[in-house]
Structures are given as structure tokens and as C-alpha cells.
Amino acid sequence: MEHTRRNRIVDLLKSKSYGSEVLVKGWVRTKRGNKNINFIALNDGSVVHHIQVVVEVAAYPEDLLKLITTGSCIAVKGILVESVGQEQHVEIQAREIEVYGTADAESYPLQKKGHSLEFLREIAHLRPRTNTFGAVLRIRHAMAFAIHQYFNDQGFYYLHAPIITGSDAEGAGAMFRVSTLDDKNPPLLPGGHVDYSQDFFGKETKLTVSGQLEAELGAMALSLVYTFGPTFRAENSNTPRHLAEFWMIEPEMAFYDIHDDMDLAEDFLKYLIRYALGHCLDDLEFLNKMYDNELISRLKQVVDEKFERLTYTEAVEILKASGQTWEYPVDWGTDLQAEHERYLVEKHFGRPVILTGYPKDIKAFYMKMNEDGKTVRAMDVLFPKIGEIIGGSQREENLEALMKRIHEMNIPEKDVWWYLDTRKFGTAPHAGFGLGFERLILFVTGMANIRDVIPFPRTPKNAEF
RNA sequence: UCCUCCUUAGCUCAGUUGGUUAGAGCAUCUGACUGUUAAUCAGAGGGUCGCUAGUUCAAGUCUAGCAGGGGGAGCCA
């Protein structure tokens with residue numbers, strides 16, 4: 001086949017250039033027909049829909065057509081024509097067919113019938129070829145792009161926080177060690193502990209659990225920054241909402257207080273969901289039909305409604321007055337459980353909720369204390385079905401107040417001297433938040449398990465592919 | 001990590017109070033069919049019942065351990 005530019009199927013399905021010659025390349029989903037005519041459903045990943053290729057059997061060698069099975073990869077040159085069938089507007093009358101790669105029908109695991117998501121996780125190397133994962137991966141891309149678009153439009157700068165870190169200052173969870181020492185015979189200190197001064201970085205290093213502290217350093221110079229990168233937590237979490245390797249977006253804004261922080265979080269989430277509705281409707285309609293009939297209406301509702309804002313203290317009062325029986329009792333000073341958050345979002349308010357003013361003892365050291373001396377300027381955005389999708393706060397910018405919290409919480413000063421320097425030199429009020437990227441994708445796609453919204457999930461006991 | 005459920009053909013699942021050769025749909029293969037829409041119709045092949053022990057005359061079925069997976073919870077994003 002001569003070298004010609006490939007037409008994307010997404011473009012051809014919208015085209016009205018009947019009679020023109022086109023070239024498509026993609027993977028066969030089904031082939032059906034009789035001894036005179038064959039129909040091939042071809043997909044190239046550019047859109048959830050397939051294009052129908054019509055083949056006059058007599059015009060091709062039998063051996064060639066035999067190779068075209070579900071999963072095989074082919075190139076087709078032909079004429080774009082108006083379809084006489086009911087299910088599609090256009091189709092391609094094949095003139096020339098080349099088989100790039102066969103797929104043995106006996107052993108190719110994907111069939112034209114649907115598969116369970118659990119089975120597809122076991123063949124994650126092939127699942128991008130399904131309608132479901134095509135849709136999820138296109139939406140995931142669109143959301144990543146929209147995040148950069150939003151922040152760029154708002155005057156933020158993309159700051160690349162390090163992935164390898166020498167400090168565990170945020171205490172966000174167990175960490176993975178990064179080392180080049182000989183694992184069979186590491187250098188030891190007299191006490192028997194491993195001597196990390198001989199390791200690659202001259203100290204013990206880990207994979208990051210958060211880019212926030214580095215983002216704060218950036219905000220103290222560029223005013224508005226955000227990070228967007230992989231994050232690693234070595235927690236033994238086995239739930240449909242946790243990954244050991246996930247992606248997180250962490251904006252950090254100088255001169256923002258907690259209210260500015262909430263305004264940004266709400267506007268940001270609504271922008272992203274609006275973007276999905278505007279750019280990914282084909283994929284959303286597919287997911288709405290196959291997995292979650294309320295997906296699109298729920299997305300539209302979130303875009304249209306104002307998020308409910310209230311304090312932790314008010315939330316505790318509502319929960320206590322609810323008359324519900326809880327597995328975990330509601331008591332001022334303890335963290336809210338999943339059942340409490342779900343009640344507020346799904347039953348009491350029926351819309352996204354932003355909670356603020358949490359007790360200081362259940363939140364991180366860097367959060368700014370309120371005047372009451374008991375609560376901090378934290379904010380959590382709670383979404384239906386997902387729970388906490390965003391966690392953020394106004395940061396403590398006063399050096400003495402921050403030092404007091406660091407001592408109270410036994411954080412080694414030598415690990416965070418650089419962080420403290422920002423409060424020593426030209427400190428400024430500032431705030432920020434973290435958005436779990438996969439949790440956003442869960443909400444936007446309506447998928448139920450976080451392992452199905454990332455190409456190759458890493459979870460306890462699973463690092464295949 | 002805790003609680004709970006599950007593991008039978010390539011996939012999704014039946015399988016009765018323990019009892020001969022373990023079934024179905026789809027997929028695959030063969031054939032039929034002049035435009036199909038997850039095509040249809042006919043036929044065929046396909047199983048170490050997750051693994052290991054145990055109870056029993058007899059285990060897919062009962063018991064225990066292990067492995068893998070789902071759901072809920074905790075940790076969190």
C-alpha cells in the first residue's frame with residue numbers, strides 16, 4: 001500500500017465527503033457477513049465508535065480475509081460512502097486491504113462480547129482496546145489537559161516537585177524507599193542499622209507522598225503555582241478508592257486565605273466537569289449507558305449547583321440531630337467517618353459539601369490556627385459517591401506559631417529547615433489544596449473502582465505490566 | 001490490616017440432601033445464508049471443578065490451611 005496520510009476514524013464518522021478515497025488503520029472488533037460480503041467493525045482509538053468497512057469477498061484472496069479476525073490490525077484504503085445500514089451514517093467500501101498483525105482467534109483474550117472489569121484487570125496490557133477503557137483513557141487525557149489549561153488561563157505556573165525526597169515532613173503516610181545499596185550485603189553502622197550515608201544520595205531517600213511543601217516554596221516566589229505529578233503511598237490499603245501510585249494536583253497560592261482557597265477549588269472542579277461534558281460527550285454517553293445511568297445528570301448537577309459550605313462544628317451538630325444510628329459515634333474532636341460524610345453529601349444536602357474549621361488535633365502541622373485556638377483553617381471538598389475529593393487549607397505563615405505546632409507534633413526541625421526559611425524571609429499568607437486525579441476521574445467517568453481509571457494500577461501485591 | 005463473600009470450559013455462570021460419563025449461553029472450529037449491526041441457523045471440539053491436606057465406601061459439593069479476587073471498614077487523595 002502506497003504511503004498516504006491516515007484518516008482518523010473520529011473525523012471520517014463526521015465527514016460528508018462521500019465518494020472520496022480514504023485510508024484507515026486500526027484494530028478489528030468484529031467481522032461478520034456471508035460468502036459474498038463481509039462487514040468489519042474497525043476502531044483506531046480516536047473515538048468510542050467503530051467505522052464499518054464493507055468487503056466484497058470475491059475481490060480478495062480467501063487467505064487474506066481469513067487473517068482478519070477480532071483483535072487483528074489492518075489498513076484499509078477505500079471509498080467513503082453513505083451507508084445503507086441503519087446503525088451508521090457512513091462506511092468504507094474497501095478497495096485495498098493490508099494486514100499488519102494477526103490475532104489468533106483461539107488465544108486472543110478479548111471477545112466482541114463484554115467482559116467483567118475484574119477479568120480485564122488481569123489483562124491490563126490489552127484492555128485499552130475495549131470500548132470502556134478507550135473511553136476512560138480519553139477522558140483521563142482530556143482532564144489532564146484541562147487542568148493545565150485552567151491553571152494556565154488563571155496565571156498559575158506549573159512547578160515540578162521532586163519525586164525522590166529526603167524528608168517525611170508531611171507525614172501523609174508510609175513511604176517507599178529509594179536505594180542503590182546492595183540488598184544482599186548493605187553497609188552497616190556499628191549498631192547494625194543500614195548506613196545510608198553510603199547510599200546514592202548520601203542519606204535515606206523515599207518516593208514523595210506529596211509535593212505540597214515544595215509547592216509552597218514556589219508560591220513564595222511565583223505567587224501562583226501548581227504541581228501535577230505521581231505520588232506514592234506504601235499503605236496497605238485495599239479499597240476501590242486507593243492506589244499505591246497515583247497522580248495528584250496541588251495548587252498553592254500566595255495571598256489567598258481559606259475563603260479564596262474554597263472559591264478556587266469549587267470553580268476548578270466545575271471547570272473540569274464542564275470541560276468533560278463539552279469535550280467527551282461520546283465517551284460519557286457510552287459510560288452512562290453501560291455503567292451508570294445517572295452519570296451525565298449527576299455531572300450536570302454538580303456544575304449547576306453551589307457547593308454547600310459549613311464548618312466541622314456545624315456538621316457535627318447536624319449529624320448528632322439526624323437521628324441516624326452510626327457505626328462510629330459522632331463526637332466533636334474526632335474525624336468524620338465515611339458514613340458521616342456520605343450522609344451529609346448524599347442525604348442531608350444532596351450536593352457537594354465543603355467543610356471547614358476542623359479540630360487542630362486531627363489535621364496537619366502546617367494548617368493555620370483559627371482565633372478560637374481549637375480549630376484550623378482546613379477545608380475538605382466532599383463529593384457524592386467519592387467522599388473527600390479535595391483536601392486543603394490556609395497555611396500557617398507565622399514562624400513562631402508554626403514552630404509551636406512543629407514542637408507539639410514532634411517534627412524534626414532539621415528535616416524542614418528549608419520550609420521554615422520561607423516563614424523567616426518574606427513570609428506571606430497563603431493557601432492551597434490537593435486533588436486526587438484518579439478520584440476526579442472516578443467521579444467524571446462513573447467507574448466504581450480506582451483500578452479502572454488508571455492504565456496500569458499499582459496496589460498491594462500488584463505491580464504487573 | 002480487619003470483617004464478609006467468591007474461585008467450575010477462553011469468558012459469564014448453573015450444578016439439588018455428598019452418589020454413574022460435570023452442564024448452559026457466548027467465544028472458537030466446520031458448514032449454510034446476497035447488506036450485516038455484540039448478524040442468524042445447524043453441527044463439532046473444549047474441564048487436574050484455585051492449590052494442599054483431611055473426613056467418607058464415595059467430594060465440584062463437607063472441614064482446615066494457603067493463594068488469588070470482589071464488597072464493606074480503617075489509613076487517606
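With B:G68, B:U36, B:A38 as the choices, the nucleotide that has an atom nearest any side-chain atom of A:Lys112 turns out to be B:A38. The listed nucleotides are B:G35, B:U36, B:C75; the one nearest the side chain of A:Arg32 is B:U36. Residue A:Arg451 places its side chain closer to B:G70 than to any other of B:U36, B:C76, B:G70. Proximity note for A:Pro240 (side chain, C-beta onward) versus B:G71, B:C29, B:G74: the nearest is B:G71. Side-chain proximity of A:Glu118 to the nucleotides B:G69, B:U34, B:C75 is greatest for B:G69. In the set B:G74, B:U30, B:G71, the nucleotide with an atom closest to the side chain of A:Lys66 is B:U30. Taking the side chain of A:Ala105 as heavy atoms from C-beta on, and the options B:C29, B:G35, B:G70, the nearest nucleotide is B:C29. Minimum atom distance to the side chain of A:Thr239 is reached by B:G74, of the listed B:G68, B:G74, B:U36. Residue A:Asn449 places its side chain closer to B:G70 than to any other of B:G70, B:A73, B:C33. Checking B:C33, B:C75, B:G72 against every side-chain atom of A:Lys35, the shortest atom distance belongs to B:C33.
Taking 4.0 angstrom as the limit, A:Arg29 places none of its side-chain polar atoms (N or O) nearer than this to OP1 or OP2 of B:U36. Phosphate contact (OP1/OP2 of B:C75, side-chain N/O of A:Arg241, threshold under 4.0 Å): absent. The side chain of A:Ser237 contributes no N or O atom lying less than 4.0 Å from OP1 or OP2 of B:C75. Remark: A:Asn236 is in phosphate contact with B:U1, judged by side-chain N or O atoms under 4.0 Å from OP1 or OP2. Put simply, A:Gln111 has no side-chain N or O that comes within less than 4.0 Å of OP1 or OP2 on B:A38.
Using a 4.5 Å cut-off on side-chain heavy atoms (C-beta onward), A:Ile79 and A:Tyr18 make no contact. Side-chain contact between A:Phe246 and A:Phe437: absent, with no pair of heavy atoms (C-beta onward) separated by less than 4.5 Å.
Atom P of nucleotide B:G72 and atom NE2 of A:His242 are separated by 12 Å, given to the nearest angstrom. Regarding A:Glu341, its CD atom lies at a distance of 10 Å from the C1' atom of B:C76, rounded to whole Å. If you measure from atom CD of A:Glu87 to atom P of B:U36, you get 11 Å, rounded to the nearest angstrom. As a whole-Å value, the separation of A:Gln86 CD from B:A38 P is 13 Å. Atoms CZ (A:Phe119) and C1' (B:C26) sit 13 Å apart, rounded to a whole Å. If you take CD of A:Glu250 and P of B:C76, they are 15 Å apart, rounded to a whole angstrom. Atom CD of A:Glu106 is separated from atom P of B:A44 by 17 Å (rounded to the nearest Å). Between the NZ atom of A:Lys385 and the P atom of B:G72 there is a distance of 11 Å, given to the nearest Å.
Summarising the base pairing, B:U7 is matched to B:A67 through a Watson-Crick or G-U wobble pair whose two defining distances lie under 3.5 Å.
Of the charged side-chain nitrogens involved, at least one lies within less than 4.0 Å of a carboxylate oxygen, so that A:Arg121 and A:Asp452 count as a salt-bridged pair. A salt bridge links A:Arg298 with A:Asp292: at least one charged nitrogen is closer than 4.0 Å to a carboxylate oxygen.
Take the nearest nucleotide of RNA chain B for A:Glu438 and for A:Gln88: the residue whose nucleotide is more 5' is A:Gln88.
For A:Asp267 and A:Tyr150, the side-chain atoms include at least one donor-acceptor pair closer than 3.5 Å.
Within 4.0 Å (heavy atoms only), A:Tyr108 reaches no atom of the nucleic acid at all. Residue A:Ala338 is classed as a sugar-phosphate contact, given heavy-atom separations below 4.0 Å to backbone atoms only. Residue A:Leu440 is out of contact with every strand shown, counting any heavy-atom pair closer than 4.0 Å. Across all strands, A:Glu327 comes closer than 4.0 Å to no nucleic acid atom at all (heavy-atom distances). Counting non-hydrogen atoms under 4.0 angstrom, A:Gln337 reaches the backbone sugars and phosphates but no base.
Put simply, the side chain of A:Glu56 and the base of B:U34 share no donor and acceptor less than 3.5 Å apart.
Relative to the ring axis of A:Phe307, A:Lys270 places its NZ or CZ within 45° and under 6.0 Å from the centre.
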